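Below you'll find the structure, written out as C-alpha cells, and then a few comments.
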Number of protein chains: 2
Amino acid sequence: MALINLSTRDLEAFLALAHAHHFTRAAEKCHLSQSAFSQKIARIEQTAGVALFERSTRHVTLTPEGEVFAQEVTRIQQDLQHAVSHLNELATRRIGKVAIAALPSVAAVWMPRVISRYRAANPNIRIELFDTLAEGGFALLREGRVDVFIAAGADVREFDVTELRNEPFHLVCRPSHRFAGKRSVSLAQLKGEEVIHLARSSSVRQHLEAAGATAQPNALEVEHLATVAALVAQGLGVSIVPELALFHFERAGLVCVPVRDRHLRRPIILARRKGKALSVAAKAMVEEILSEARQAKR
Amino acid sequence: MALINLSTRDLEAFLALAHAHHFTRAAEKCHLSQSAFSQKIARIEQTAGVALFERSTRHVTLTPEGEVFAQEVTRIQQDLQHAVSHLNELATRRIGKVAIAALPSVAAVWMPRVISRYRAANPNIRIELFDTLAEGGFALLREGRVDVFIAAGADVREFDVTELRNEPFHLVCRPSHRFAGKRSVSLAQLKGEEVIHLARSSSVRQHLEAAGATAQPNALEVEHLATVAALVAQGLGVSIVPELALFHFERAGLVCVPVRDRHLRRPIILARRKGKALSVAAKAMVEEILSEARQAKR
DNA sequence: GTCAATTACGTTCTCCGTAAGGATG
DNA sequence: CATCCTTACGGAGAACGTAATTGAC
C-alpha cells in the first residue's frame, strides 16, 4: 500500500467537490484554478486507490466508496478544525487555566493585585490560588497541581527558581515601646526583649535562627501571624517578621522598625518544575507576578 | 486566523517527536533528515501559533498546549488511518456488499454459478440476491436497495441498460406430442393447440402477446412456471416459454422445440440506476454476470 | 455550439538534504 | 568537547496557473 500523504487542503477539496458536485464551483470555493483542483482530486483518488467520484462532463457524483470516505472525512475534518481552534484559543488565552501556590503572606499582599490585573487581561482563564506553607506548596508543585509556587528560601535544587525579592525583616512593637521611635534596630539590641515567635516549621522562624536570632527557652510560640500581632498588641512582647507580613501588624496599630542585619533577609522565590514548560496562561501569570515583585522592590 | 495546512506527514512527525522526546530519533522514524524534521516541527508550530515543544538541547518535552494537541491529534491520526484503510479494503474487495435483483429464471439459471465464482474470488463480500418479478426488481433498483437488476425488456428509459442476451422461445410438450420430434415450430403451427399461459403480468406473457400469440379465451392461466410444467406434463396442453425457463420442463421430462419467429424474443437486460456509480464490489459482480451471459450466448 | 473536465506545459514555491552554526551539559 | 537542535543554502519535485484538448449535451 502506498504511503498516504493527505493534507488538510486535500480534505477540504474533496469535501468541497463532494458537496458541490461541480469541479469549477468547488475549485472557486478552495481558491484554486479549476485545473489545479482537478489534478488535486486525481491525486487524492490515486492515494485512495479507488475512484471517489463518478464524472461525466455534466454530472459529478460520489461513488459508493466516495460516499463512505466523505462521511469519515467530514468527521475527521471537524475534529482537526476543532483541535486547531482549541490550540488557538489556548495560545491567545481565550481559554485555559493557571494554578498558583503562594506563601500566605505573598497570597495576601501581592496576589490580590496580581490576580486582579490578570483577570482583567484574561477574563476567561480559570485561576486557582493555593495559600500554603512551604511544605504544601512544594508538594503541589511536585505533583504538577500548580504551575508555580511563590516560596521563601533559595536552596531548592529540585526546582527551577527565580528570585523575586530579598526582603528585610522588621521589628514590630507597640507604639509605646522604647523601640517605637527608632529608625532601625540591630539584633544585638534585642537582648533581653520578650520576642514572640512563630512555630519552628515556618520559614520566618527558620530564617531568624539562621541569622542567629535564637528563641529564648520560655518564649511564646504560635502558628499564625495574626496571633503574633494580637500578642504584641497586648504588650506581651515584640516580634521580628519579614516585610510581607507587616500588614498584619499595621492593621493592629503597631509600629514597625527595620532590622539592620546583613544576614537576616528572606528571599522570595518563584519555583517551577524543572524541564517542564509553562502554559501560555501560566507564562502570562508569571509576567504579572514578576511585575508585581519589581514594583514591591522600589 | 492563519490558513492551516497540515499533512498526515506533519501529524506523524509531531506525534513521533512527542513520543520520542528526541529530534534525531524521531526524524529517523519518519525517514527524514534531522534538519528537515526540525524545520517541519517549526512549521507546524508556526501554523499552530504556539510552541508545542519545550526544547533545551538536552531535553525535548511537550508544552502544556502541546500535550493537549497531542491527545487530539492521536485520535485524529487513528481515524484518518482507519478511514484510508477502510477505503483500501473496499477498493480491494476485502470487505463490501453487493445486492442484485434478478428475474426468477435468471436467479435460478445464471446466478448460482455467478455467485459461486464471485464468492470464490471475493469471500468476504456480502451478497444479497432478490429473485423478483419485473415490478419488484425495478422498485428495489429505484430505491437503491440493489446495485443492479437483471430484467427482461428493453423499453426502460429510467435506467441505464445493457443487453445481456436476446433469448428465443421454445415450445414445451410431452415426448408423445406430435411436435416432440420437430426441429422447430412456428407460431402459425400452433393454431388449435391448447396453450397454457402465464399470468398477464408476467414478462413472458407480454412478449408472447407482443409477437401476436394471443391466448385463446378458455386457455389455462397460472402464476408459476413450475405449475405450467406440471400441467403440460399432465397432458393438458403445451406452452411457450423463453430459454431461461426451460429447466423447469426438462426436469419434468418434457420436450423443448425452438420456436422460429423473428419477433418472439425476450431481451435479458442488466439495469442500473442512471448517473449512479457502481461500487467496486458491484462492478466485479457485473463482470461475472456479463461473463455468464456471454457463455450462455454460445 | 457551449459548457465543463482533463491534459500539456512552463513557472513558482514548498520541502528536503548537506553543511555550517550555536547552545547545553 | 561531544551532543544535538537550529540556521543557511542549493537543488529536486510538487503544486499551481494559463492555455489547449477532449467530451457531453
Side-chain angles (χ1 to χ4, degrees), chain A residues 2-14 16-48 51-63 66 157-161 272-277, chain B residues 2-14 16-48 50-63 66 157-158 160 272 274-277:
Chain A
L3 290 178
I4 51 172
N5 190 18
L6 295 170
S7 70
T8 53
R9 303 295 192 89
D10 291 332
L11 301 188
E12 274 167 33
F14 169 68
L17 183 55
H19 189 257
H21 298 283
H22 196 284
F23 273 73
T24 306
R25 281 195 287 275
E28 279 170 16
K29 198 174 292 181
C30 294
H31 310 288
L32 278 174
S33 78
Q34 184 271 338
S35 149
F37 186 86
S38 175
Q39 292 176 54
K40 189 179 272 294
I41 295 293
R43 272 195 307 278
I44 294 169
E45 285 185 319
Q46 199 175 345
T47 71
L52 299 171
F53 294 98
E54 175 83 353
R55 17 332 210 154
S56 57
T57 36
R58 235 39 168 188
H59 293 108
V60 178
T61 51
L62 284 164
T63 61
R157 205 160 303 168
E158 184 183 353
F159 301 106
D160 272 342
V161 160
R272 307 169 23 180
R273 282 174 79 186
K274 261 186 179 162
K276 188 85 186 88
Chain B
L3 291 178
I4 52 172
N5 190 19
L6 295 170
S7 70
T8 53
R9 303 295 191 91
D10 291 332
L11 300 187
E12 274 167 33
F14 169 68
L17 183 55
H19 189 257
H21 298 284
H22 196 286
F23 273 73
T24 307
R25 281 195 287 277
E28 279 170 16
K29 197 174 292 182
C30 295
H31 309 288
L32 277 174
S33 77
Q34 183 272 336
S35 149
F37 187 85
S38 175
Q39 292 176 55
K40 189 178 271 295
I41 296 294
R43 272 195 306 278
I44 294 169
E45 285 185 317
Q46 200 175 343
T47 71
V50 58
L52 299 171
F53 294 97
E54 174 82 353
R55 41 279 239 176
S56 58
T57 37
R58 235 36 167 186
H59 294 109
V60 179
T61 52
L62 283 163
T63 61
R157 204 159 305 170
E158 182 183 356
D160 272 342
R272 308 170 21 180
K274 259 185 180 161
K276 189 85 184 85

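Remember, it's a predicted structure, so these values are computed and weren't measured experimentally. In the text below, chain A, chain B and the rest are named by the order of the sequence lines, each starting its count at 1.
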* To do: Measure the distance from CD1 on B/Ile41 to C1' on D/dC5 and round it to the nearest whole Å.
  => 12 Å
* Asked: Is there a side-chain contact between A/Leu17 and A/Phe37, using heavy atoms and a 4.5 Å cut-off?
  -> yes
* Please state how far atom NE2 in A/His22 lies from atom P in C/dT6, giving the value in whole angstrom units. => 12 Å
* Nucleotide D/dA24, atom P - distance to CD of A/Glu54 in whole Å -> 12 Å
* Would you say B/His19 and B/Lys29 make side-chain contact, with heavy atoms under 4.5 Å? -> yes
* Would you call B/Lys40-B/Asp10 a salt bridge at under 4.0 Å N-O? -> yes
* **Distance-only side-chain donor-acceptor flag, B/Glu28 / B/Thr24, under 3.5 Å** => no
* Show your working on side chain to side chain contact (heavy atoms under 4.5 Å, CB included) between B/Thr63 and B/Phe53 and close with a plain yes or no. => CA-CA 5 Å; B/Thr63 61; B/Phe53 294 97; 5.6 Å; no
* Show the numbers, then the answer: is there a side chain to side chain contact (heavy atoms under 4.5 Å, CB included) between B/Arg55 and B/Phe23? => CA-CA 10 Å; B/Arg55 41 279 239 176; B/Phe23 273 73; 4.0 Å; yes
* Nearest-Å distance for atom pair CD1/P, residues A/Ile44 and D/dC16 -> 10 Å
* Asked: Yes or no on side chain to side chain contact (heavy atoms under 4.5 Å, CB included) for A/His59 and A/His22, after CA distance, side-chain angles and deciding distance?
  -> CA-CA 7 Å; A/His59 293 108; A/His22 196 284; over 6 Å; no
* Asked: How about A/Thr8 and A/Glu12: does a side-chain donor come under 3.5 Å of a side-chain acceptor?
  -> no
* d(CD, B/Glu45; P, D/dT7) in whole Å -> 11 Å
* Do A/Arg273 and A/Glu158 touch side chain to side chain, with heavy atoms closer than 4.5 Å? -> no
Detail all sub-3.5 Å separations between protein N/O atoms and N/O atoms belonging to nucleotides 22-25 of chain C.
residue : atom : partner : partner atom : Å
C/dT24  : O4'  : B/Thr57 : OG1          : 2.5

* Asked: How sharply is the helix from C/dG1-D/dC25 to C/dG25-D/dC1 bent, taking the axes over five pairs at either end and rounding to 10 degrees?
  -> 30°
* Asked: Do the side-chain N or O atoms of A/Ser38 get closer than 4.0 angstrom to the phosphate oxygens (OP1, OP2) of C/dT6?
  -> yes
* **Rounded distance (Å) that lies between atom C1' of C/dA5 and atom CZ of A/Arg55** => 9 Å
* Report the C-alpha distance between A/Gln34 and A/Ser38 in whole Å, list the side-chain angles of each, state the deciding distance to 0.1 Å, and finish with yes or no for side chain to side chain donor-acceptor pair (under 3.5 Å). => CA-CA 6 Å; A/Gln34 184 271 338; A/Ser38 175; 5.1 Å; no
* Structure fact -> Per-nt protein contacts along nucleotides 8-16 of chain C (heavy atom under 4.0 Å; B base, S backbone sugar-phosphate only, - none) come out as B------SB
* Which is it for A/Leu52 and A/Ile44 under the side chain to side chain contact (heavy atoms under 4.5 Å, CB included) test, yes or no, and what are the steps along the way? -> CA-CA 9 Å; A/Leu52 299 171; A/Ile44 294 169; 3.9 Å; yes
* To do: Calculate the interatomic distance between A/Arg25 atom CZ and C/dA4 atom P; express it in whole Å.
  => 7 Å
* To do: Please report, rounded to the nearest Å, how far the C1' atom of C/dG21 is from the CD atom of B/Gln34.
  => 13 Å
